[in-house]
Every structure is written in C-alpha cells, then in structure tokens.
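Beneath this line is the structure, given in structure tokens, with notes to follow.
Lettering of chains follows the sequences in order, A, B, ..., and the numbering in each one begins at 1.
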Amino acid sequence: MPFTILKKQELVPTLHRMDIAAPRVAEKAMPGQFVILRIDECGERIPLTIADFDAADGTVTLIFQEIGKTTCQLASLGAGDSIADLAGPLGCASTIEKFGTVVCVGGGVGIAPIFPIARGLMEAGNKVISIIGARSADILFWEERMKEASSELYVTTDDGTKGHHGFVTDIVQNVIESGEQVDRVIAIGPPVMMRAVAGVTKPFGIKTVVSLNPIMVDGTGMCGACRVLVGGVTKFACVDGPEFDAHEVDFTLLMSRLAMYLPEEREALDYKAAEDPAV
Amino acid sequence: MKIKTESKPEKRSKMAKQSPSKRRSNFEEVALGYNRYEAVAEANRCLNCKKPPCIEGCPVGVDIPRFIRQIAEEDFDSAVLTLKSTNSLPAICGRVCPQETQCEAVCVLGKGGKGDPIAIGGLERFVADYEMEEGVTIPDLPSPTGRRVAVVGAGPAGLTAAAELAKIGHSVTVFESLHAAGGVLVYGIPEFRLPKSIVAAEVDFIRRLGVDMRMNSVIGKIGTVDELLRDYDAVFLGTGAGLPSFLGIDGENLNGVYSANEFLTRVNLMKAYLFPEFDTPVKKGRRTIVVGGGNVAMDSARCALRLGAGEVTIVYRRGEDELPARAEEVLNAKEEGIIFRLLTNPIRILGDGNNWVTGMECVNMELCEPDESGRCRPVPVPDTEHIIPADVVVIAIGTSPNPLVSMTTPDLEIAGYGTIVADETGATSKPGVFAGGDIVTGSATVISAMGAGKVAAKAIDEYVRGLSGYENLLNIT
Ligand SMILES: Cc1cc2nc3c(=O)[nH]c(=O)nc-3n(C[C@H](O)[C@H](O)[C@H](O)COP(=O)(O)OP(=O)(O)OC[C@H]3O[C@@H](n4cnc5c(N)ncnc54)[C@H](O)[C@@H]3O)c2cc1C
Ligand SMILES: Cc1cc2nc3c(=O)[nH]c(=O)nc-3n(C[C@H](O)[C@H](O)[C@H](O)COP(=O)(O)OP(=O)(O)OC[C@H]3O[C@@H](n4cnc5c(N)ncnc54)[C@H](O)[C@@H]3O)c2cc1C
Ligand code: SF4
Ligand code: FES
C-alpha cells in the first residue's frame, strides 16, 4: 500500500517540505518522533523527523535537505506521486512537561524537528525561548511558525545576513548570562552544533537534550546500526532515543560513524547521475 | 504400481550443487534440487517402515513415508497434498530445516552407519518446487466466521498462524514492522540458501487465502496490543528474537563492525550486493572476521565472501563438534574457502585513529572437562594472544527478543532474557493473547516457529469460538 504525497514545497533552495497521507502514523505521532521511508523497491530506508502532523487530516509533514541519493530522488517527487513505504512513528517522544523556562535551539534543517517540540512546550505552559540559526538568510525557514510557537525568538546567521551575526551558541550563552533562570535546553541540528551547545550549558549544569541522527536501517532496534555512546554505555538511538542527555553523548563517535559510507554515497550519486542525467 | 526391488541402494541420490569456485562469487542458489528421476530413485530407497521413526523426528509430524511413497509412484500431485496438509511452507522447510538432526537423524536406513538416511529434505523441496512450477491451487475457503484475529510479525510463526486461521474462515490481519513479509526468511537467510522469490510466493499464497498483510506497522508504536484487542477478538504475537547481542568488548563501535543482523539485513533485505543498482551500501571488506559458530555466522561469512572479501575467517570459541550451525552449511562454507579459527575467542577489536577497524585481538581456548550440564566450558590458554587483521568484523553471537511489544503490554508475563511466557497451546498470561516462535523459545528453528504458529492457531480458533455471541454470528452469516 503506497503512501501518497499530498503537498510538496521547496521552502528554501534544496530544502523541501512534504506532506504525506499516513493517517495511522499521524494519529499516533508525538513531537520528537521520526519515520523511516523507502521510495521504491531499490530504495534505501532513511529516517526523517516528523516535523508536523495532523491527525484530523491524516497527514505527516517532513522537512528534508537534499544531501545524497535518496533525498535528491525524494525532492524530484511531487504532489500526487507516492512512495512505497513509510513506517512510524518511531523512537521515543520528546519529554513535554512544565519545566519552567526552556531554550529550544534549531540549526539548519534541525529547525523542522524543534518546531513541534517548542509548540508542545508552549502548550504545556513553559516559557519557550527559541533560537534558530542557518548559514545564511536565504536558507532560513519557518521563522514565522517558530515565532508563533515561542515566547521569544532569536535568529542567527553565520554570515550576518539576518539576525545575530554568529552562531546559535552565542545567544544560548547570552540568555543564560542575562540572568534568565533556564530550566532546560533542547538542541537539534548538525552534530557540531549540538556539541557546541552542550559545551556552553555544561558549566552551568543546565539539563540539555539533543536529538541524535546516526545512520539507521530498520529503526526498531533490530540491527544496531544506530548505536551511540551515551555516558559510556552503548545505546540504540532508534529505540532508546533519538533524544539523549547532551552532556553524556560521545559526539566524536557519532560524527565518525556518520562518515562511514562517504565513498559509497558518492558512488550512489554518480551512478544516479549516469542513469538519469535529468535529475 | 511399481515393483519393489529386494536390495536398495545404500547411498542417497546426490543433489547437484553449484561448484564452490563458481558460487563463491554469486548469490544464486547453491543446491540445485533433484530432478524427477533423481527424486523417484531416492524415494524408492524408502523402506516404508511399519513404525516410521521419521514422523516422530519431524516437529510438525509430516506423514513422511506417505509423501515419499507418492513420489516413488510418480503421483506428485498427491505428494503435494500430503505435505501441505501438515506443512504450509514446504519449499522453505525443504531448504532450511536441519533434517540431519530431525527426521533424517532417526531414519532406519541411516542406523548403524551402514547407509545414508533418505534425503527427506531434498524430496520435500522437490515436491514443493514441483507444485510451484505447476501452479499453486488455493483451497476452497469456508464461509467467514465473523471472528477477527490480529497477527503481529510476519515470520514463519506469524505466517503459519495467519494461514491456518484464514483456512478456518477467520478474518486475519498481519502487522509487520518491516516493508516485506517473511521475518528472518527475508532479512536473515541469504538468497543463495533460500531465494527470496520462494518466500514471496509462499507469502502470496497466504495473501490469496484472504489474509490482510499490513507492512510498515510496528506494534508498540503504531498501536499497542490492548488497542488491537479492541478491534480484534484475539492477538497472536510472533515477533521473533531480533535484538542483536554484542560481545561487550573494546572497539565494538568502530566503523566496519556490524551485528550479523545489520550485515545480513543490508545484504539480503536491502540487496546491498546489488549496490549501486540498489541504494543501500554495505562495507565490502578485503578481510572479514565473523565471530560465532551458528547458522547466522555461516550465512554472514558466506555473504562476505560473495561480496568480494579475499579472506573470510570464522572465529569461534569452542571446537568443531560444538559448532551449532547445520553440518551441511559448515561443509558448504569450508568448500568455499572460509577459514575456521576454532577454539579462539576475541578479546578486543582494534582500530585506527579515524575510528576504522583494523583487526581483532584473540586468545586461544581449550575445552575443559564437561560440567554437570555435560557441556565443556572453553577456557583461555595463557600467553596465546594474537592479532587477526580485518577491515570488516561481523558479530554473530546471538539475539534476544525485541522488547517493543512487551514494554507496551504491562500485563504480559515475561521470562528471563525477555521471552514471552506461553503454555503449550501458545496462550499467554493475558486473555486473548497468544504467542509462538522465537519470541517464546528464544532463537530456534523455522519449523519449530511454524509448529508453534499452528498449535496457537488451533487454540485461538477454540478461544474465539468460545467468546459469547459466536452462535448468533453463525446464524446471521
Ligand atoms: C532520527 C533521525 C531523524 C532525521 N531527521 C531528518 C530530517 O527531518 N530532515 C533531514 O533532512 N534529515 C534528517 N535526518 C538525516 C537523514 O536521514 C539523512 O540526511 C538521509 O538519510 C540522507 O540520505 P541520502 O541518501 O540522501 O544521502 P547519503 O548520501 O546516503 O548520505 C548523506 C549523509 O546522511 C547520513 N545518512 C545516510 N544514510 C542514512 C540513514 N539510512 N540513516 C540516517 N542517516 C543517514 C550520513 O551521515 C551520510 O553521510 C534524520 C536522521 C535521523 C537518524
Ligand atoms: C541468519 C539466520 C539463519 C538461520 N538459518 C536457519 C536455518 O537454516 N534453519 C532453521 O530452521 N532456522 C534458521 N534460523 C532460525 C529461524 O530463522 C528462526 O528461528 C525463525 O525465523 C523464527 O521465526 P519467528 O516467526 O518466530 O520469528 P522471525 O522470523 O524473527 O519473525 C518475526 C517478525 O516479526 C516482526 N516484528 C518484530 N517486532 C514487531 C513489532 N513490534 N510489530 C510488528 N512486527 C514485528 C519482525 O520484523 C519479523 O518480521 C536462522 C536465523 C537467522 C537469523
Ligand atoms: S524412517 Fe526413513 S526409511 Fe523409514 S519411512 Fe521414514 S524415511 Fe522411509
Ligand atoms: S536502526 Fe537498526 S537498531 Fe536502530
């Protein structure tokens, strides 16, 4: 039973939003969870975070960056097309409670998964200070949505084309040093960003949560591809996570495992280019 | 009618195989099956014993002498019916059952070491393949009972339970977390031992019995067992033992170190051996080490070889006699050139500065005197540490049950190691919930999982018929 794409939109260059009809997944989805999809019979299984969901409409919203074979192929599909498989919701949901003041940090495509978490935390009665960052203004997305889902919103760009000229960590540091009583920090983005945020909050002893993105296959705890080291203990991110205590995560291991298939990923792209020069 | 000759050949008909030099570089089936003449000749060796021990050796009690006699009489259609009346997946069992420790182990012809037992597995495969060539007939289904059963997991246990329940007229929905049905048959056992087209044909047969197969449905995530019980009269859990164990030694998270489950899933389910035509990659090592001595280890080693590894080594801490893998597969592996380092135990996995595996440090072992349980414990021999170089390491030391279902079903009784407690009918501690296969026994065999599925189907049938309102339903339909 294939899954139909209802809507597809390029939010900023090479970054897409896709709404897919998956009523059962939409009904159960919670902030922080993800799906694993496979485009066709030859496809790889890749995880994407559920950036939004609408149980009434039976849709899940995915936001993805074109980075390799599968995401580029996915970007070539549009409304009315379908994908072969979509399994979810997978992983543990984000802990949404009344903590007090929570800082939500989203970097790059990580803005998408931080959105439902920020919204959930607002609904739970927290003061939500959100910080979103991108390399440049033209690839920043969902600023409006994030504004609605937060008490305060800060924007940063690496090149200074919008908001604060610098990194999200600068603002995290400022907020904490401004005397704001921060009860919790949640950061989702590239591993280097998450590691940097962890580095800022650690001296202050602020509980910090990150969502890890290791390579996955089944997403149900069956293969161990997604193993990460947290507090010296091996965990399977797909079932034990994807969220973990940032101060305990071995980011170096995460990053080197993410690079495991770089030669094969290049080969897959070359093969695809040779097959179908149009895409 | 055939006239039986007095003296029977003592040697079994040999089954053709791809030569080792050829097969070590392709994923096509190794054993090629009997042709008609070979099958009839083999069947003619059967003594048709009055008290056939082979039936008792078979975990599901296939009427072995009967289907063998039907082959000898060249009445293959009847042989199909005989087999299928007790075993709904004969093409699979004929290929992967450990006959040498079951039916063939007790065959009268093999007793006293005089001759070979009948090649029961080979004959079973012959009959099943004959049926597939001729076209499978779907049995007439009884009118619907109006009862609904949910089956969780599409491995041999779940598929068998689903087929049996559908044949009685119950409405069955199978929930499977992966995108394909078959369980270990599709993600674990490689193409060269069990072609996926055969599993697909068997799954298709079950679909044609009217079973609704829902892939991509992870129970515990998309719904709980309690939620299933709201929509269904009973639930069968056949979720297998799919959680990989690691050794717990240094270096296990290095790049290039796989659990057997991941390695085999990439190669078999995701078809990484056809990369880049298929998108999923797998590391093709030049030197691969596989840790373990069971079927899973043999399959991993033989896959690694076919991916192009120049050197594949099996590291196993006990001796040749203790290898848990099927004898036939050990022989196949050896013929293909896999190196066996027996009585060898890994101590740690070594890596370079970039987190890539470079080898494994091992120590030699010796078997001490058997303990009360009769098993010899391997103990390290001092000062025998040595390093085996490798760029891929596969850990194939076993699996345990996945806790996704048990975690979300609080009133389900769980035993040590996470298996679900079920009685001999498959009934669990939770009313209306039955379980069978590896999730109950821990890693076992295809046929025992099927047997459990079948027994549970019978108990489920009785249970749902006993639910109040059944009489009324029957009158309406
Ligand atoms: C829990 C989780 C949630 C994620 N959510 C999102 C999201 O919302 N939006 C988004 O754009 N990306 C997300 N990702 C990352 C996304 O899965 C990868 O970008 C995608 O798999 C790349 O596939 P590709 O074939 O296009 O690229 P490839 O060229 O195959 O790979 C590019 C890089 O992506 C990573 N990657 C490759 N295959 C996988 C895989 N099977 N699983 C995980 N990572 C892989 C590797 O680091 C690799 O170097 C998430 C990852 C995880 C684990
Ligand atoms: C590599 C390998 C080789 C083997 N070789 C042999 C052999 O030669 N001969 C032999 O007899 N036996 C062999 N075995 C053992 C045999 O395959 C198993 O004993 C048998 O498959 C068990 O069947 P099962 O139905 O209990 O579980 P499985 O085959 O494990 O099937 C369980 C299914 O349930 C699904 N599932 C799990 N959790 C959920 C959930 N929460 N929701 C939905 N679905 C779920 C899984 O995805 C899977 O498809 C081998 C095993 C392996 C791993
Ligand atoms: S034990 Fe062997 S010889 Fe006797 S009936 Fe069974 S298969 Fe035939
Ligand atoms: S992705 Fe396979 S165990 Fe997590």
Side-chain angles (χ1 to χ4, degrees), chain A residues 1 3 22 24-25 27-29 33 35-46 68-70 73 84-91 217-229 234 236 239 250 252-253 255-261 263-265 267-272 274-275, chain B residues 176-180 187 212-224 227 239-246 248 252-266 269-272 274-284 351 353-356 395 399 402-404 407:
Chain A
M1 199 191 51
F3 294 80
R24 290 201 181 84
V25 182
E27 193 185 320
K28 293 285 173 175
Q33 290 188 296
V35 296
I36 287 212
L37 62 80
R38 194 180 68 131
I39 298 177
D40 56 30
E41 276 313 303
C42 300
E44 185 171 11
R45 294 169 64 97
I46 66 153
K69 160 86 208 303
T70 305
Q73 190 186 346
D85 302 290
L86 182 125
L90 301 172
V217 181
D218 60 297
T220 64
M222 184 264 262
C223 75
C226 62
R227 52 198 196 278
V228 291
L229 207 56
T234 298
F236 288 4
V239 284
D250 183 337
T252 312
L253 181 73
M255 286 187 263
S256 67
R257 286 187 64 83
L258 277 170
M260 184 153 158
Y261 295 102
E264 287 81 4
E265 284 152 12
E267 191 184 341
L269 272 178
D270 292 346
Y271 178 83
K272 181 168 170 262
E275 281 265 284
Chain B
E176 164 58 46
S177 60
L178 292 171
H179 57 260
Y187 78 71
D212 180 10
M213 299 262 193
R214 301 216 187 133
M215 300 300 110
N216 302 308
S217 305
V218 186
I219 299 304
K221 290 289 172 188
I222 196 129
T224 60
E227 284 168 318
T239 48
L243 201 75
S245 304
F246 286 91
E252 270 186 311
N253 292 331
L254 289 165
N255 286 358
V257 180
Y258 289 102
S259 75
N261 264 9
E262 180 185 357
F263 187 72
L264 292 170
T265 300
R266 284 181 179 274
L269 179 69
M270 305 311 297
K271 298 213 177 345
L274 298 175
F275 180 85
E277 187 189 335
F278 280 68
D279 294 346
T280 306
V282 69
K283 282 290 165 195
K284 301 176 179 169
N354 295 318
N355 201 47
W356 275 96
I395 313 288
T399 53
N402 192 322
L404 273 183
M407 251 164 30

Engaged part of B:Asn255 at the chain A interface, taking heavy atoms whose separation is under 4.5 Å
both
Do the non-hydrogen side-chain atoms of B:Asp279 and A:Lys272 ever get within less than 4.5 Å of each other?
no
Of all the heavy-atom pairs spanning B:Phe275 and A:Glu264, show the shortest one and how long it is.
CZ-O, 3.2 Å
For B:Glu277, is it the side chain, the backbone, both, or neither that has a heavy atom closer than 4.5 Å to a heavy atom of chain A?
both
Under 4.5 Å to a heavy atom of chain A? For B:Glu227 that would be side chain
Atom OG1 of B:Thr224 and atom NZ of A:Lys28: how far apart are they, to the nearest 0.5 Å?
6.0 Å
Within the 4.5 Å heavy-atom criterion, are B:Pro281 and A:Glu44 side-chain neighbours or not?
yes
Does any backbone or side-chain atom of B:Leu254 lie under 4.5 Å from a heavy atom of chain A? Answer side chain, backbone, both or neither.
backbone
Does B:Glu262 reach the side chain of A:Cys226, with side-chain heavy atoms less than 4.5 Å apart?
no
Which bit of B:Phe263 comes within less than 4.5 Å of chain A, counting heavy atoms only: side chain, backbone, both or neither?
neither
Measure B:Lys221 against the heavy atoms of chain A and call it side chain, backbone, both or neither at under 4.5 Å.
both
Let's go through A:Arg45 and B:Thr265 carefully: what are the C-alpha distance in whole Å and the side-chain angles of both, what is the deciding distance for side chain to side chain contact (heavy atoms under 4.5 Å, CB included) to 0.1 Å, and is it a yes or a no?
CA-CA 11 Å; A:Arg45 294 169 64 97; B:Thr265 300; over 6 Å; no
Is there a side-chain contact between B:Met407 and A:Val239 (heavy atoms, below 4.5 Å)?
no
Value rounded to 0.5 Å, distance of CG in B:Asn216 from CZ in A:Arg24
11.5 Å
Rounded distance [0.5 Å steps], CG in B:Asn253 versus CZ in A:Arg257:
6.0 Å
Using the rule given for side chain to side chain contact (heavy atoms under 4.5 Å, CB included), can you reason through A:Thr234 versus B:Glu252, listing the C-alpha separation, both sets of side-chain angles and the distance that settles it, and then say yes or no?
CA-CA 9 Å; A:Thr234 298; B:Glu252 270 186 311; over 6 Å; no
Tell me, for B:Leu404 versus chain A, whether the close heavy atoms (under 4.5 Å) come from the side chain, the backbone, both or neither.
side chain
B:Val282 versus chain A, the contacting section by heavy-atom distance below 4.5 Å
backbone
Interchain contact, A:Leu229 with chain B, by part (heavy-atom threshold 4.5 Å):
side chain
